[in-house]
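This is a predicted model, so every value here is computed, not measured. Lettering follows sequence order; numbering is per chain, from 1.
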Protein chains: 2
Amino acid sequence: MLSKSGKYAIRAVLYISNHSNKNNKIGSKEIANKLHIPAPFLAKILQELTKKEIISSVKGPHGGFYLSQKNNNKTLFDIIDCIDGIQKFENCFLGQEECNENKPCVIHHLYVPFKNKLLSKLKTKTIVEMAIEYSKNNNFFDFVKLNE
Amino acid sequence: MLSKSGKYAIRAVLYISNHSNKNNKIGSKEIANKLHIPAPFLAKILQELTKKEIISSVKGPHGGFYLSQKNNNKTLFDIIDCIDGIQKFENCFLGQEECNENKPCVIHHLYVPFKNKLLSKLKTKTIVEMAIEYSKNNNFFDFVKLNE
DNA sequence: CAAATAAAAGATAAAAAAGTCTTTTTATAT
DNA sequence: ATATAAAAAGACTTTTTTATCTTTTATTTG
Ligand code: FES
Ligand code: FES
């Protein structure tokens with residue numbers, strides 16, 4: 001479904017949301033280490049996200065990545081749109097030319113409801129909401145969030 | 001989720017089930033044309049399926065591919081296992097090292113129920129059952145099936 | 001048997017995705 | 001100002017996936 005780049009992007013952005021803020025930026029290498037992502041590869045991905053203003057960055061000493069208010073209200077859908085493109089959500093699960101009710105493949109009636117729920121969540125929940133959900137699911141509450 | 005090879009494989013096998021039988025085999029080129037799949041690429045895929053005895057073939061004039069009784073009772077899961085491998089069904093949707101309830105990613109609780117339904121269908125329905133379901137969904141009933 | 005036909009096998013080739021490395025730019029702190 | 005740290009930019013490499021081409025082998029038909 002998602003490419004490795006896309007998965008890396010989402011996990012990295014959620015990590016940034018949970019572990020940094022404007023006064024406490026985080027470097028791409030640290031994120032890469034923590035998430036076990038090849039560092040130069042992640043750096044490229046973060047570059048693209050920065051260019052599309054989904055995350056923010058500052059160069060130089062104590063520079064790094066963080067999320068502005070505006071960034072935090074973007075969605076995971078925006079991330080996927082930026083890195084992978086969203087065409088994939090139109091495609092038939094089995095690669096038929098069309099995906100629709102008229103000529104459904106044998107997986108269609110399983111796949112479409114899942115896809116709709118997925119898209120709804122990806123589009124309506126903000127990055128910060130997702131990051132909080134993740135931190136709750138995983139029982140951690142980061143000190144950085146406190147003094148944001 | 002599935003690679004192109006895997007999608008091609010499933011669509012081709014369902015096509016074979018619906019449009020050929022032991023006395024009326026179908027060639028790889030014809031399948032490729034009908035399903036808009038690159039012909040030499042499909043030929044390779046069908047070779048692998050034949051080697052793993054998921055489909056049957058006969059060389060020479062009036063040769064081609066068909067499904068034996070035994071073939072027809074295999075599943076789409078067997079096809080995926082042969083072409084793509086089944087490791088992918090273990091992976092986290094967002095590429096986390098583990099996919100489990102202890103450290104669920106933000107898509108986990110949407111993804112796992114879908115995956116379970118999908119796997120259940122892929123594993124329990126036979127190829128011939130899937131092929132019939134497809135032909136019903138698409139309102140065609142092939143003459144070849146009649147005199148099988 | 002000979003000719004024709006279709007799959008099998010295997011070698012290449014092209015494209016896409018993933019990953020690495022080097023240089024440049026910019027912000028910060030001393 | 002200068003040194004430094006970190007991202008930005010971009011060239012490059014490797015790996016994987018997708019696709020093609022050629023030769024061989026097996027089967028059928030006349
Ligand atoms: S037709 Fe295959 S998923 Fe919709
Ligand atoms: S943890 Fe991500 S899908 Fe299960």
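Nucleic acid contact for A:Gly60: base, since at least one base atom lies under 4.0 Å from a heavy atom of the residue. Among the heavy atoms of the strands lying under 4.0 Å from B:Pro40 is at least one base atom, whether or not backbone atoms are also near.
In this entry the distance linking OH of B:Tyr66 with P of D:dT28 reads 10 Å, nearest Å. Summarising the geometry, the separation between CD1 on A:Ile55 and C1' on D:dA6 is reported as 14 Å, rounded to the nearest angstrom. A straight line from CD of A:Glu48 to P of D:dG10 spans 12 Å, rounded to a whole angstrom. Between A:Lys52 atom NZ and D:dA8 atom P there is a gap of 14 Å when expressed in whole angstrom units. Summarising the geometry, the separation between CG on A:Leu49 and P on D:dA9 is reported as 13 Å, rounded to the nearest angstrom. Look at CZ on B:Phe41: it is 15 Å from P on C:dA15, rounded to the nearest Å. In this entry the distance linking CZ of A:Phe65 with C1' of D:dA6 reads 9 Å, nearest Å. Going from atom CD1 of A:Ile31 over to atom P of D:dA6 covers 13 Å, rounded to whole Å.
Salt-bridge formation is not detected for the pair A:Glu48/A:Lys52: no Lys NZ or Arg NE/NH1/NH2 atom is positioned less than 4.0 Å from an Asp or Glu carboxylate oxygen. Electrostatic pairing of A:Lys115 and A:Glu90 does not count as a salt bridge here, judged by no charged N lying under 4.0 Å from a carboxylate O.
The residue among A:Tyr8 and A:Val58 whose nearest nucleotide of DNA chain C is located toward the 5' end is A:Tyr8.
Ring geometry for A:His19 versus A:Tyr15: interplanar angle under 30°, hence parallel rather than tilted (30 to 60°). Ring-plane geometry between B:Phe114 and A:Tyr111 is classed as tilted, the angle between the planes lying from 30 to 60 degrees on a 0 to 90 degree scale.
Of the candidate nucleotides D:dA9, D:dT29, D:dA8, D:dT29 has the atom nearest to the side chain of B:His62. Picking from D:dA7, C:dG19, C:dA8 the nucleotide with the shortest atom distance to the side chain of B:Gln47 gives C:dA8. Checking C:dT28, C:dG19, D:dA9 against the side-chain heavy atoms of A:Pro61 singles out C:dT28 as nearest. When the nucleotides D:dA7, C:dG19, C:dA9 are ranked by their closest atom to the side chain of A:Lys59, D:dA7 comes out on top.
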- Can you give one letter per nucleotide of nucleotides 11-17 of chain D, going 5' to 3': B for a protein heavy atom under 4.0 Å from the base, S for sugar-phosphate only, - for none? B------
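For the pair A:Asn71 (side chain) and A:Glu53 (backbone), a donor-acceptor distance under 3.5 Å is present.
A heavy-atom distance below 4.5 Å is not found between the side chains of B:Ile127 and B:Thr75. Between B:Lys44 and B:Gln47, some side-chain heavy-atom pair lies under the 4.5 Å cut-off.
Between B:Ser57 and C:dA7 there is no side-chain polar atom (N or O) within less than 4.0 angstrom of OP1 or OP2.
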